[in-house]
Amino acid sequence: MSSGIVLDDVHVRLGDRDVLRGVDLRLTEHRIGIVGANGSGKSTLARLLNGLVLPTRGRVSVDGLDTARSGPAVRRRVGFVFTDPDAQILMPTVAEDVEYSLPRTLPRAERARRVAEALTTVGLAEHAEHPAHLLSGGQKQLLALTSVLVTEPRVVVADEPTTLLDLRNTREIAARLLALPQQLVLVSHDLDVVAGTDRVLVVDEGRLVADDEPGPALDHYRRLMS
Amino acid sequence: MSSGIVLDDVHVRLGDRDVLRGVDLRLTEHRIGIVGANGSGKSTLARLLNGLVLPTRGRVSVDGLDTARSGPAVRRRVGFVFTDPDAQILMPTVAEDVEYSLPRTLPRAERARRVAEALTTVGLAEHAEHPAHLLSGGQKQLLALTSVLVTEPRVVVADEPTTLLDLRNTREIAARLLALPQQLVLVSHDLDVVAGTDRVLVVDEGRLVADDEPGPALDHYRRLMS
Amino acid sequence: MTRGPSALHRLPAGAKLAALAAGSLGLILVDSLPGVLAALGLVAAGYAAARISPRLAWEQVRPVALLVAILFGAQIWMIGLEPAAVVALRVVVLVALAGLVTLTTRAGDLLATIERAAHPLRGVGVDPARMALVLSLAIRGIPVLADVSRRVQDAQRARGRRDVRAYAVPVVVGALRRADAVSEALAARGRAD
Amino acid sequence: MTESVTSTAPASTAPAPTRPAAVAAQVGTFAALIAVFGVAGTIPVPGLLVPVTLQTLAVMLAGALLGPRRGAAAVLTLLALAAVGLPVLSGGRGGLGVFVSPSAGYLLGWVVAAFVVGLLVDRSVGRRGRLAFWPVLVACLVGGIGALYAVAIPILALVTGMDLAAAALANIVYLPGDALKAVLAASVTVGVARAYPAVLTHRGF
Ligand SMILES: Nc1ncnc2c1ncn2[C@@H]1O[C@H](COP(=O)(O)OP(=O)(O)OP(=O)(O)O)[C@@H](O)[C@H]1O
Ligand SMILES: Nc1ncnc2c1ncn2[C@@H]1O[C@H](COP(=O)(O)OP(=O)(O)OP(=O)(O)O)[C@@H](O)[C@H]1O
Ligand SMILES: O=C(O)CCCC[C@@H]1SC[C@@H]2NC(=O)N[C@@H]21
Ligand SMILES: [Mg+2]
Ligand SMILES: [Mg+2]
């Protein structure tokens, strides 16, 4: 069974648009950044990695599991952090939201223990019983991340997780993501954040136009944008 | 009648928080930038300028009009662009949304003419009949700006209008805003954008902690954030 | 809020709901003034036992106070003083009893009871787990949509217009978009079934 | 858990709107929407036993936009939240008390109203494949007023001890406002369908 994330001649057509065209990739690095203009296909590429979007042609696999055939297994392996934490915090209170990620088959006490542990790690323990809407933007994104990490995924995919935050919160969330032991795929418009990854993909109009170390890849992107 | 925007010992208390404390300002420059951490009071300051928020103590006036007493007149003079394009698009289609800003007293043909003109200026003419919510993020923000500009306000206040956009769209929207003949008050987390203004205010914990040319003011802000 | 622990607070939510249902039905059978007064006394004793302040107790019946006054006034003419008092007091007792259950039971416990009560309905296609999910999503959705609603109202004010259609269309679109986002987030958390 | 998407199915960014999780999301979100309309639009009229509220409009919209079963389920969800004491009714009210007050019939009537509106809108959409103003208006008048009052008036009579005629008479004060809301509901439904065409596929026929 091949490990890592493999995209094999992937095309995605949504409505009447070719959103991704002929993407071939093998992602094995620890931290991978993705940049590109609005509408270039970054989110679609990120969503392919956990089967939220399926290829119209070609194949995406994670550790040998085809996202089209083994959706649930892939999603247990790949955690996803969205841009808007409000959209992914689904339960009324902080602790409930983290607990919701855990399988119902775990004993109740074990679930409570893991929730408490996860909240302590990110410094949200004192907010456990608070309604999620009372958290600040940065705390909400931290909660969203916690609800992903509590399931111990092998890969974390984050689609512009700092876009809605200010400088201080951006730095905190970015630092946490980049320090994760897990493999990380990070879509971001914030070039300072992406500079901390090991490999950067530049997407433009549905195609991969650069794939390099952060330095040269981001130079390419800057030229593209000007 | 004094022209320009004047804040006179302005305090704002929301709930049990002093959100702004003792702000004195006289804004006459063409383009004014506002920066500060999450929750520092930037949006509150911006909202004061068109009477969406009223001072708990002190006085805000625009061209001599008190925002507390002449709300509607102030709002005709001060156009406001919000962060979230989705929440400020009020009508189903692009053209309808722009037309919604125009007074019903204008003849129908005149309204149609001004809508078409405004949409042509920003390059949205071909989308006039499209559902507004199917536009891209950048196009939506452009539409929001158009719906403000069509009323020909004297001042444009924009509260983080590029936060949800990518580099290319950020540059386009920022360039349009900075090129406006109108006076502009621009709140932004994007320091590259704010660098293009004539004067920058730095807000921290409800107080004005710097007020200078962009260079020194942004240095101050960077030190504050680190 | 007075949610301090008392014997009434600690009673299982299901028992209290059942008592409320039985009490409401039983009250219909009581049609003498001493009867309803006794019921009223019983409920008042309940409030005292739960250590609920008179002010909070009054808050429970205040919404129907006017109704009771009108009802009483109108019924005096039609059925006489004493029967009118019985009809009016019955409403007070009912509302006060319901309020007592609400005040002494945590919303979460009541929700859990509703879910448990739904278990027997599995035969007719009710899925208690899904019901619990829908209730949670609704609670979580309220502050999010309230935020959307506030933003839309701000945008209307900024444009100097206020009408219901230009409020409702963007807020409903916001709700539909949220439903899509939630559905996707559920899928991402492995709950797409 | 079964994965119903196969590799040959067209890709989509959101799970199919008919999947149970997507339905749960819609129902929960519209319950929240009805609650929010109670904050935005309540006209406190002194002397009325039951508040005049925009929530009636939201109930019609739930039926029209989600269809009969999901619309009624959204209302039921709201009522469950009210029953457990959350302040989701207009004026921030909630608790079991409302279910033994004159409001009780209206609240129950909302469930029926959303269902009937959804049923009638389904019929008209089924024929024409789109949401048009007049059929939706008819649906809202029949379901949001006719069916609602048919449930509410007898219960109002029961709760207050009035006779049916008196209850019907007392209910008349709501008619002009509710008629206006039916017109608004139709106009908003059509507006939403134009602003967000995907709503048609969300109804899932
Ligand atoms: N369901 C859909 N139907 C049709 N087109 C779609 C759909 N979803 C996305 N698209 C289009 O696909 C293109 C790529 O979208 P995607 O969200 O992947 O871009 P992105 O690079 O993430 O952009 P952003 O920076 O704005 O997040 C866009 O042009 C978008 O309009
Ligand atoms: N209605 C309110 N009631 C109580 N506190 C409020 C209210 N509105 C805002 N605040 C508080 O006032 C402070 C300033 O808010 P404001 O929105 O002006 O900040 P900001 O600088 O714009 O932040 P951001 O970068 O997150 O947009 C925040 O701490 C916020 O929580
Ligand atoms: O909040 C409640 O207590 C229930 C409100 C019921 C309101 C009814 S619905 C029909 C009629 N039209 C209104 O505007 N109000 C009543
Ligand atoms: Mg994206
Ligand atoms: Mg702000």
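These figures come from a predicted structure and were not determined experimentally. First the proteins, then the strands, lettered A, B, ... as listed; each starts at 1.
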| said: Using a 3.5 Å distance criterion without hydrogens, assess whether the side chain of B:Arg21 forms a donor-acceptor pair with backbone atoms of B:Glu205. | reply: yes

| field | Residue pair B:Ser43 / B:Asp159, side-chain donor-acceptor N/O under 3.5 Å | value | yes

| Donor-acceptor pair between B:Glu117 and B:Thr120 side chains, under 3.5 angstrom | no

| request: Could you please state which residues from residues 133-140 of chain B sit under 4.5 angstrom from chain D, measuring non-hydrogen atom to non-hydrogen atom, sorted by number, or 'none'? | output: B:His133, B:Leu134

| query | Taking only heavy atoms into account, what residues of residues 173-197 of chain B are found under 4.5 Å from chain D? | reply | none

| Is it true that atom CZ of B:Arg108 has more than 12 heavy atoms of other residues, nucleotides or ligands lying nearer than 6.0 Å? | no

| request: Answer yes if the ring centres of D:Tyr174 and D:Tyr106 are under 6.0 angstrom apart, and no otherwise. | output: yes

| task | Could you tell me whether B:Arg59 atom CZ has more than 12 heavy atoms of other residues or ligands within 6.0 Å of it? | result | yes

| Could D:Lys181 and D:Asp178 be called an ion pair, given the rule that one side-chain N must be under 4.0 Å from one carboxylate O? | yes

| request: Could you tell me whether a side-chain N or O of B:Asp24 sits under 3.5 Å from a main-chain N or O of B:Asp9, the two making a donor and an acceptor? | output: yes

| query | Can you check whether D:Val88's main-chain N or O pairs, donor with acceptor, with D:Gln55's side chain at less than 3.5 Å? | reply | yes

